[in-house]
Amino acid sequence: MSSNTPPNQTLANPQAPRWWLWLVDRVAAIPAHAWAVMLVLLVMPLVADDFFLFQIFGWTFILGIVALSLMFLAGYGGMVSLIQMSVAGLAGYMVALFGDSGTTISLGLPWWFVVPLAMVIATLFGSLVGLLAVRTEGIYTIMITLAMASAFYYFTRQNYTIFNGYTGFNLVLPPDLFGVNWREPVPFYYLTLVAAGLCFLLVTYVSRAPFGLALQGVRDNPRRMAALGFNVTAHRVAAYAFASALASVGGILLVWQNAQIAPGTAGIHATFDILIIAVIGGLSRPSGPFLGAFLFVLLSTFAPDVLRAIGASGERYKMLIGGIFLFVVFVSPDGLLGLWERWKAHLTRDDMARGKGETRP
Amino acid sequence: MTTETIKSPAAATSSAGHALELRGVSKLFGALAALSDIDLAIRPGERRAVLGSNGAGKTTLFNCITGDFLPSTGGIRLFGEDVTRFPAQERIRRGLRRTYQISLLFNGLTVRDNVYLACRGVSRGRFSFLRSRADDSLMQAAEDLVAAVHLSDLIDTPVSVLAYGQQRQLEIALALAGAPRLILFDEPAAGLSPTERKDLVEILTGLPAHIGYVIIEHDMDVALRVAERVTMMHNGRIFKEGLPEEIENDPEVQALYLGDGHE
Amino acid sequence: MREFARQHPVWSGIAIVVALFVIWAIFAPWPEGFEAIFGRKRVFLNAVFSGITLGALYFLVASGFTLIFGLMHNVNLAHGSLYLLGGYLGYEFAEWTGYWLLSFVLVFIVVGCVGMAMQVLVFRRLEGQELRQTLVTIGISVVAADLMLWAWGGSSYQVMSPDWLRGPMELPLIAGYGRDGELVYLRYPKVRIAILFAAIVIGIGIWMALNRTRIGMIIRAGVDDRDILGAMGIPISRVFLGVFAFGAGLAGIAGVVGGTFQSIAPGEDTRFLMASLVVVIVGGMGSLQGAAIGAVLIGLAEQLGSVYMPTYAVVLTFLIMAAVLAFRPQGLMGRRG
């Protein structure tokens with residue numbers, strides 16, 4: 001999604017303020033298929049029913065945001081972190097703890113205080129885990145973050161004073177802002193769509209900003225980056241912080257969608273689900289996680305029915321998802337997006353377009 | 001700092017005014033002396049070639065100068081300042097750059113972004129989440145550097161699809177980022193085709209006059225064409241030093257180095 | 001050890017004092033004021049013993065994990081699934097044959113074969129791609145969990161221990177004073193003592209095998225530097241296969257052990273996967289002694305934690321892991337800097 005359009009090629013009036021030129025430039029750089037996707041998503045409530053809007057798309061966007069935070073760390077930073085779902089879960093728990101819920105330990109503070117607070121706490125937690133995880137490299141990252149994610153899960157299950165143990169919190173509802181019930185399908189659809197869109201734009205933008213470029217440099221060659229005068233560790237920890245902030249957005253939306261949160265929300269299986277989503281979609285660009293999330297949601301919603309229809313047991317959909325994941329890992333290290341790219345490259349036989357689609361004129 | 005008291009005549013006469021000055025530098029790996037008692041002085045803007053067979057200690061010498069290794073004994077001065085115990089980053093801030101024998105590039109990024117990162121590394125704002133690229137002087141600097149190494153046509157190409165020779169050229173652009181004063185080139189011509197070598201010689205001789213460099217090179221033709229003075233190393237010691245034609249015609253050098261061919 | 005004492009006299013002194021205190025706390029009857037603060041001694045002793053026994057179980061699971069990791073750089077996240085499979089199979093074999101000990105042998109062979117199949121079908125195809133190998137193991141663990149749920153359902157199973165291991169035995173450890181002032185000794189289930197001994201025997205066995213046999217030397221050399229094996233002309237793939245089978249078999253045996261003194265149910269796979277991860281992170285990647293130390297440490301932390309701070313016990317585990325990562329990222333006994 002990136003092209004380094006030189007500033008002098010802008011379509012706009014050169015007298016206009018610089019930010020406007022920049023914006024026009026960016027908008028002009030959006031490819032046609034992206035406009036099409038945007039348009040379809042905006043008018044979706046005209047055609048889709050409530051179940052689709054709330055359950056399929058709402059959930060897709062939420063899981064997509066959390067998986068996007070993993071994609072940011074893995075794709076740009078080379079750090080496959082399994083803590084992202086725990087960070088999201090913690091943000092959801094904090095909203096439930098400090099805001100309103102059906103449980104007596106909730107503090108009932110106003111939403112405009114609770115939401116930022118939840119994000120800050122979750123981001124701090126994610127950064128702390130990052131700080132520990134970046135002490136080692138490569139394959140160790142998965143081990144350490146998975147161990148931390150498991151510890152978080154068992155802690156939420158065991159602790160009653162903060163996390164209310166097995167039960168968790170119920171009746172956690174979004175605030176009635178502007179007199180809208182945000183859990184109604186259409187408002188919730190747009191709420192999650194806007195959140196996902198903003199997160200997507202933010203990641204795309206940061207990936208081209210100095211920090212994002214430096215992070216990619218760290219991914220490709222940490223030693224050289226250090227030799228160039230960059231602080232490799234600080235960049236990695238900052239990446240964890242940024243990704244955790246994204247994940248916390250997903251976590252807050254998730255607790256509002258389910259209206260409840262319990263240890264299983266951020267359990268080991270949920271942790272693996274996020275990884276599966278990101279890997280199936282593709283870890284090399286921000287659209288991958290959303291694609292993966294859409295597929296995952298469709299599968300886990302409809303696979304039981306389909307399986308039953310063909311005479312198999314409907315409970316085996318987990319196996320189906322695991323099988324698809326195994327297939328994708330075996331055939332394409334770059335997920336479905338990577339497969340698609342390769343197929344396109346195969347069709348055009350354009351040698352320069354092999355690998356990444358970075359060569360747009 | 002533990003400067004050795006042994007001083008060769010060359011080192012004794014030199015005081016300030018040198019871009020790089022090594023005095024009695026040795027590097028031991030266990031019992032093995034990779035470098036012993038090296039004295040070397042490079043004037044600002046001077047172009048020096050270091051020759052020697054494999055294992056003569058050339059790359060170890062570079063690693064000591066850049067701060068990747070600390071020398072076992074001896075002292076290193078950079079632009080008059082004692083940097084013997086300085087970390088690598090501090091030496092970079094003082095205008096020292098190097099290239100690597102194997103390409104250490106950022107394969108997932110474009111040519112432009114590779115050079116941009118090298119420019120960023122020595123500037124402020126490395127953590128900026130905001131992009132100010134339209135009016136970014138660093139981006140302009142990066143583009144100029146890409147042009148300087150003849151890669152402008154490939155500026156938006158990912159590094160992973162560059163040809164080997166082009167990667168070597170990019171490696172040079174990275175070393176040129178951020179006002180270098182002295183660059184260490186570690187075998188920049190290794191593995192290049194004759195045309196690419198010509199290109200390389202052009203790039204090196206076309207560098208601004210204030211930028212000095214030290215180049216390790218196996219290819220005598222390249223080395224003698226891009227260097228003003230030549231230092232011969234053998235078994236971790238400096239063996240001969242002189243003008244290119246002196247070295248080329250020196251019978252001892254011929255016996256030792258040119259005689260048994262390259263490699 | 002002596003080297004350490006010479007270099008860090010203060011830390012060594014503190015360690016000795018702590019060790020003496022722990023020995024005293026275990027063997028001597030507690031004075032009254034002491035019990036007021038720390039609760040009954042029997043509770044403490046039980047927690048310590050449960051912790052050590054749990055540590056023994058963790059060691060059985062984690063030793064295979066750490067060997068596989070150290071040698072092949074493969075984080076086998078399906079290791080917990082092998083444990084769970086071992087538990088279910090152990091139950092089936094014990095029911096079928098009626099011999100508890102025989103089920104160990106059968107489980108070791110079957111789960112070891114499963115491990116071999118994984119090595120041949122999966123890891124060999126993705127040679128050198130550590131990240132993809134690890135992703136594949138996650139996929140396998142998801143599929144395996146579902147398959148086992150299919151086969152054995154959601155209820156929990158208990159492997160019956162043989163008669164000669166049923167019931168408690170009295171240990172020569174003072175638990176406290178009885179009503180008449182006489183000394184009361186700690187009673188502890190026999191089967192747990194047996195598990196503890198078995199783990200120690202297996203641990204020493206592996207240690208001997210690694211240090212005293214040729215194949216052990218090869219494996220240790222491979223953990224230090226994989227390239228060395230190729231340079232020595234040793235068929236690496238066969239060594240990998242053997243270690244993988246052995247590590248998987250150990251996980252399976254651990255499953256039978258866990259099924260005997262706890263129980264086997266869906267979800268235990270992730271629990272023991274986490275335990276292995278934490279133990280290996282704390283003890284040091286690829287180190288057998290590290291796995292032993294880490295396992296006992298985590299076992300004790302869990303049991304003492306659940307007795308003395310029931311809703312924060314996991315935090316203790318987390319803190320141990322965080323402290324190790326902060327001060328010694330390669331783990332207590334790890335060598336990689």
Side-chain angles (χ1 to χ4, degrees), chain A residues 74 78 80 82 128-129 131-163 165 267-269 271-273 275-276 278-279 283 313 315-330 332-333, chain C residues 65 69 73-75 77 80 122 125-126 129-136 138-147 149-150 267 269-271 273-282 285 302 305-306 310-315 317-319 321-331 334 336:
Chain A
V80 181
L82 294 181
L128 175 75
V129 172
L131 196 64
L132 294 170
V134 300
R135 307 264 304 162
T136 57
E137 270 191 351
I139 206 79
Y140 298 87
T141 311
I142 291 190
M143 281 179 74
I144 290 164
T145 51
L146 177 59
M148 303 264 184
S150 318
F152 177 79
Y153 164 66
Y154 287 109
F155 183 51
T156 55
R157 233 175 53 164
Q158 173 184 82
N159 182 279
Y160 279 85
T161 44
I162 305 171
F163 295 101
I268 316 292
H269 292 290
T271 294
F272 283 166
D273 286 346
L275 180 73
I276 289 172
V279 169
L283 284 171
S313 164
E315 288 162 26
R316 298 282 78 80
Y317 74 95
K318 279 258 167 202
M319 220 152 75
L320 189 67
I321 292 173
I324 291 176
F325 173 72
L326 281 176
F327 172 77
V328 170
V329 173
F330 260 107
S332 169
Chain C
F65 186 82
F69 182 84
H73 284 207
N74 182 274
V75 182
L77 296 182
V122 178
R125 297 194 181 188
L126 300 172
Q129 303 176 55
E130 291 159 11
L131 179 63
R132 277 173 89 189
Q133 288 183 340
T134 304
L135 291 180
V136 168
I138 290 179
I140 291 176
S141 77
V142 169
V143 173
D146 207 43
L147 280 174
L149 185 67
W150 196 5
D269 49 349
T270 49
R271 197 184 132 213
L273 171 62
M274 176 210 169
S276 312
L277 288 172
V278 176
V279 163
V280 172
I281 290 169
V282 169
M285 332 260 177
E302 266 185 34
S306 67
T311 76
Y312 291 93
V314 178
V315 175
T317 307
F318 184 86
L319 285 179
M321 187 163 62
V324 167
L325 283 173
F327 297 109
R328 213 179 143 75
Q330 74 274 36
R336 245 163 271 274

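Computed over heavy atoms, backbone and side chain alike; hydrogens, waters and symmetry mates excluded. Letters A, B, ... are given to chains in the order of the sequence lines, protein chains preceding strands, and every chain is numbered from 1.
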For the residue pair C/Val314 and A/Gln158, what are the closest heavy atoms and their distance? N-OE1, 3.0 Å

So for C/Thr317, is it side chain, backbone, both, or neither that comes closer than 4.5 Å to the heavy atoms of chain A? neither

CZ-CD distance between A/Arg135 and C/Gln330, expressed to the nearest 0.5 angstrom: 9.0 Å

Between C/Leu77 and chain A, with a heavy-atom cut-off of 4.5 Å, which part of the residue counts as in contact: side chain, backbone, both or neither? side chain

Can you label the angle between the C/Tyr312 ring and the A/Phe155 ring as parallel, tilted or perpendicular, going by 30° and 60°? tilted

What's the spacing between C/Met274 CE and A/Phe152 CZ if we round to 0.5 Å? 12.5 Å

With a 4.5 angstrom heavy-atom cut-off, which part of A/Ile324 approaches chain C: side chain, backbone, both or neither? neither

C/Ile281, C/Val122, C/Val278: which one forms the most heavy-atom pairs within less than 4.5 Å of chain A? C/Ile281

Below 4.5 Å from any heavy atom of chain C, which atoms of A/Leu146 appear? Answer side chain, backbone, both or neither. both

Of all heavy-atom pairs linking A/Met143 and C/Leu277, the shortest is CG-CD2, 3.8 Å

Tell me, for C/Phe327 versus chain A, whether the close heavy atoms (under 4.5 Å) come from the side chain, the backbone, both or neither. backbone

Apply side-chain contact (heavy atoms from CB on, under 4.5 Å) to the pair C/Leu131 and A/Ile142, showing each step before the final yes or no. CA-CA 9 Å; C/Leu131 179 63; A/Ile142 291 190; 3.6 Å; yes

If I measure from the heavy atoms of chain C, does A/Ile162 come under 4.5 Å with its side chain, its backbone, both, or neither? side chain

Heavy-atom distances under 4.5 Å only: say whether A/Phe325 touches chain C with side chain, backbone, both or neither. side chain

Which answer fits A/Phe330, side chain, backbone, both or neither, if we ask what part of it has an atom under 4.5 Å from a heavy atom of chain C? both

Interface residue of largest heavy-atom contact number with chain C, from A/Gly322, A/Ala147, A/Ala149, under 4.5 Å: A/Ala147

When the 4.5 angstrom heavy-atom criterion is applied to A/Ile144 and chain C, the contacting part is both

Checking A/Tyr154 side chain against C/Ala313 main chain: does a donor-acceptor pair fall under 3.5 Å? no

Test side-chain contact (heavy atoms from CB on, under 4.5 Å), reference C/Leu135, set A/Leu326, A/Ile276, A/Val329, output is A/Val329

What part of C/Ser141 lies closer than 4.5 angstrom to a heavy atom of chain A: side chain, backbone, both or neither? side chain

Which pair of heavy atoms, one from A/Met319 and one from C/Leu147, lies closest together, and at what distance? SD-CD2, 3.5 Å

With a 6.0 Å cut-off (strictly less than), is the heavy-atom count around CZ of A/Phe327, excluding the residue itself, greater than 12? no

